[in-house]
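Inspection log for the structure reproduced underneath, given as structure tokens.
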Protein chains: 2
Amino acid sequence: MQPRQRRKVPEGELCAVCSDRATGYHYGTPSCNGCKTFFRRTIVSGHTFVCQYQGNCDVNKNVRCACRHCRFNKCLAVGMDARAIQNDRDRIGPTKKFRMDKRNSSGDEDQLSVTSSSPQRSGGEDKIIEQLAAVESLCNNLRTCILPESKNVKETLSSPCLLYQISQLESDPATAFQHLHPAAMQDIKAWNIKELRLCLEWVKTFDEFTKLSESDQMALVRNFAFTFNILNRVYYSADYGPDKIVYPSGAYILRQPQEQVKIPGCRLIYHRQMDEIMVPFRKLEVSVQEFAAFKAILLFNPDAGELSPEVKNEVAAERTKYLTALYYLITSKYGVHNGVQKYGQLLMMAPSIQNIIDQNDENMQVMEVFGHIWRIDSFVKELCMR
Amino acid sequence: MQPRQRRKVPEGELCAVCSDRATGYHYGTPSCNGCKTFFRRTIVSGHTFVCQYQGNCDVNKNVRCACRHCRFNKCLAVGMDARAIQNDRDRIGPTKKFRMDKRNSSGDEDQLSVTSSSPQRSGGEDKIIEQLAAVESLCNNLRTCILPESKNVKETLSSPCLLYQISQLESDPATAFQHLHPAAMQDIKAWNIKELRLCLEWVKTFDEFTKLSESDQMALVRNFAFTFNILNRVYYSADYGPDKIVYPSGAYILRQPQEQVKIPGCRLIYHRQMDEIMVPFRKLEVSVQEFAAFKAILLFNPDAGELSPEVKNEVAAERTKYLTALYYLITSKYGVHNGVQKYGQLLMMAPSIQNIIDQNDENMQVMEVFGHIWRIDSFVKELCMR
DNA sequence: GTCAAACGGTCAAAGGTCCT
DNA sequence: TAGGACCTTTGACCGTTTGA
């Protein structure tokens, strides 16, 4: 880069070679992009051209490609300086912009709407949120019902969704609140089964889920079921402070009694559910809609083990759909600046949740070893063991 | 401009990098305008370059643009000091003289030029990102150095940060690219140690980190160190397709050979690092700045085990700070609609990463049992065991 | 107050990328 | 394949800041 003469922009200047619009001084001569590139390539490649005619071909914008010999000659004639050509440079990365994002149903427009402080652009997000909220409500009703026996997970997944048949189910007195009392292992076990059962009904409300093959459905559910269980447990726990997880029945898990459990590693698991999930949910004042969207995001996990590679992209697209919906839900309520913080904080609860689930899986395996003491229901095992 | 060396004017002095005519002392080294600007831009942008050859390219006036990796390395080798770069100067205003053309009758002072100089509504985010990028750059260089022995983690954390003493360290020939070859256990082990060592230097660049008590620092580091290791491993892996993780030395981990490993559970761990971290990073086209911010977010984990409750809020605030910076970084580049998607997708990689780390910890423990076969370095153990 | 060294910013003009 | 619109990178030149 040795600028011939500093300063000076040609205004309406023409290419000295072909009379196209000049884009600047290139190699010492006002020239267009084409002639500039042609000159460099010719020099660098060392090509020599032969004129098919008499060596005096016309060179202008329309016919400049007709004779490369005469074009190159004219380049030299008008003063293009080969000494201005440099040595090869290092490669630069891709210059192409938008590569991310699947095909967008809505045309692409706003690129500079960054400055507008109100998001405003919910294209279908409202509807998604509405649907999630409706299902959440049904699911909370179903929790109070007696659910039919189910042999195994696969059969349950292929049965009609119970959420739309609640009126035909009897209510379960064991789920109704009576009085606060410490949860026995029986309580915890019963609620685990109930919640995992609800999970199966909940996932069936997603069209994109039911479209998946049986094995892919299993992959997502196995990955997600215990998360669903824990999240519902703490989110719907009545607020008796940060030290109690309370089931709808009034059974509660207190922070201390875990000391009684002698199995190593089990001690902290309820503490962590309180500290890292229940308390943050309350502090962030997560709404039911936000909570539902968050669960949907966690369900559609493209990295779920055993998920077939062909559907990874679809699952990722679903996740993105709910991520976007959650973003607009939050920012339309809190504004962009505050909303973005809540959105980020909520999403960043996911790694802790994952870690808690991972630890819990270990515990489940430990418990299996101690199976003669703590009976693990086979239904639970099927969903949670890896 | 603190380092006002009482130097004489360089007379006929040559650029220490490329031997062009030096225009003065820049960043502590006699250098030409080009190398001066190149160095600043590289540090500020956080760009990292990969040598297309063997990492020992010649750098002189004629070919200085041929390999940016080797040019930058030489900048550092001859002593250019990144600390002399002034992050975010006090608003210097447009260098260009005011366009006092016409339109003067309105009588408005240039009061709006303050806001127009910064494109997005970022309050300090730019500076945060710049700092992260600069550190990332230094860290990449430190990776190629021989690091002094360190007895244990605590001592290392309380020592001065090596990132600002790179010029005093010898380069490590073992880290230079030579040729592609399958990684032996020795390679993996050596890189684990180096990367964990780098992690300790990296975290010390965060003021808010060094302000924490020793035990809180340990809590964050133990939680984060292996994440740092894995993320750097895959992010800085040269792109030889989705089936190879390539270390800077050229040692690579291939998708298949894990079958040789007979320890149960170990098989999938490298597959998952490729599928769930390396490939998504590439697909999302994560920039170095985004990558650095992502790591900062993961470092400041308020749920890190053993973190004292008093500092949870501070740590959470730090996390939010980097979340916000990342959000504005991404949306200012991609626009809100596309940016939000990328932001969400990036954050939602965190649970998978957490899960991979959790699995890996198990493996480390398994490996400890098989310690007579696979020696685990005590330094690694100290950081990764729970 | 003066002035030169050494910061950062600017933008014309280099080269690289990628679609046609 | 070659062409050229469009992109990134480079560096000579310029204004600003700072300390002797």
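A, B, ... follow the sequence lines: proteins, then strands. Residue 1 opens every chain. FYI, side chains are in, hydrogens and waters are out, and symmetry mates aren't considered; it's all heavy atoms of this structure.
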(request) Round to a whole Å and report the spacing from CZ of Arg40(B) to P of dT9(D). (result) 15 Å
(request) Indicate, with a heavy-atom threshold strictly under 4.0 Å, whether Cys65(B) touches base, sugar-phosphate, or nothing. (result) sugar-phosphate
(request) Locate the shortest heavy-atom distance separating Val17(B) from Lys74(B); write the atom from each residue and the value. (result) O-NZ, 2.9 Å
(message) Can you confirm if the NZ or CZ of Arg83(B) lies within 45° of the ring axis of Tyr164(B) and under 6.0 Å from the centre of its six-membered ring?
(response) no
(request) Please determine, for dG8(C), whether a Watson-Crick or G-U wobble partner exists with both distances under 3.5 Å, and give it or none. (result) dC14(D)
(request) Verify the contact: side-chain N or O of Tyr27(B) to OP1 or OP2 of dG8(C), cut-off strictly under 4.0 Å; return yes or no. (result) yes
(request) Mind checking Arg68(A) for me? I need base, sugar-phosphate or nothing, with any heavy atom below 4.0 Å counting as a touch. (result) sugar-phosphate
(request) Give the rounded distance in Å between these two atoms: OH of Tyr25(B) and P of dA4(C). (result) 18 Å
(request) Would you kindly check whether a donor in the side chain of Lys36(A) faces an acceptor in the base of dG3(D), or vice versa, at under 3.5 angstrom? (result) no
(request) Determine the interplanar angle of the Phe38(A) and Phe72(A) rings, folded into 0 to 90°, and report it as parallel if under 30°, tilted if 30 to 60°, perpendicular if over 60°. (result) perpendicular
(request) Look at the side-chain N and O atoms of Arg41(A) and state whether any lies under 4.0 Å from the OP1 or OP2 oxygen of dT17(C). (result) no
(request) Can you see which heavy atom on Cys75(B) is nearest to which on Cys35(B), and at what distance? (result) SG-O, 4.4 Å
(request) Calculate the interatomic distance between His47(A) atom NE2 and dT1(D) atom C1'; express it in whole Å. (result) 10 Å
(message) Mind checking if Arg64(B) touches a base, just sugar-phosphate, or nothing, with heavy atoms under 4.0 Å?
(response) sugar-phosphate
(request) Measure the distance from CZ on Phe49(B) to P on dT9(D) and round it to the nearest whole Å. (result) 8 Å
(message) Expressed as a whole number of angstroms, how long is the span from Phe39(B):CZ to dC7(C):P?
(response) 10 Å
(request) For Asp90(A) and dT17(C), give me the distance from atom CG to atom C1', rounded to whole Å. (result) 14 Å
(request) Nearest whole angstrom, please: distance from the C1' of dC7(C) to the CG of Asn33(B). (result) 12 Å
(message) With a 4.0 Å limit, can you tell me whether Arg89(A) has a side-chain N or O closer than that to the phosphate oxygens OP1/OP2 of dA14(C)?
(response) no
(request) From the options dA13(C), dG3(D), dA12(D), select the nucleotide whose nearest atom is closest to the side chain of Phe38(A). (result) dG3(D)
(message) From NE2 of His26(A) over to P of dC7(D), roughly how many Å is that when rounded to an integer?
(response) 15 Å
(request) Mind telling me whether Trp202(B) and Phe206(B) have parallel, tilted or perpendicular rings, with 30° and 60° as the class edges? (result) perpendicular
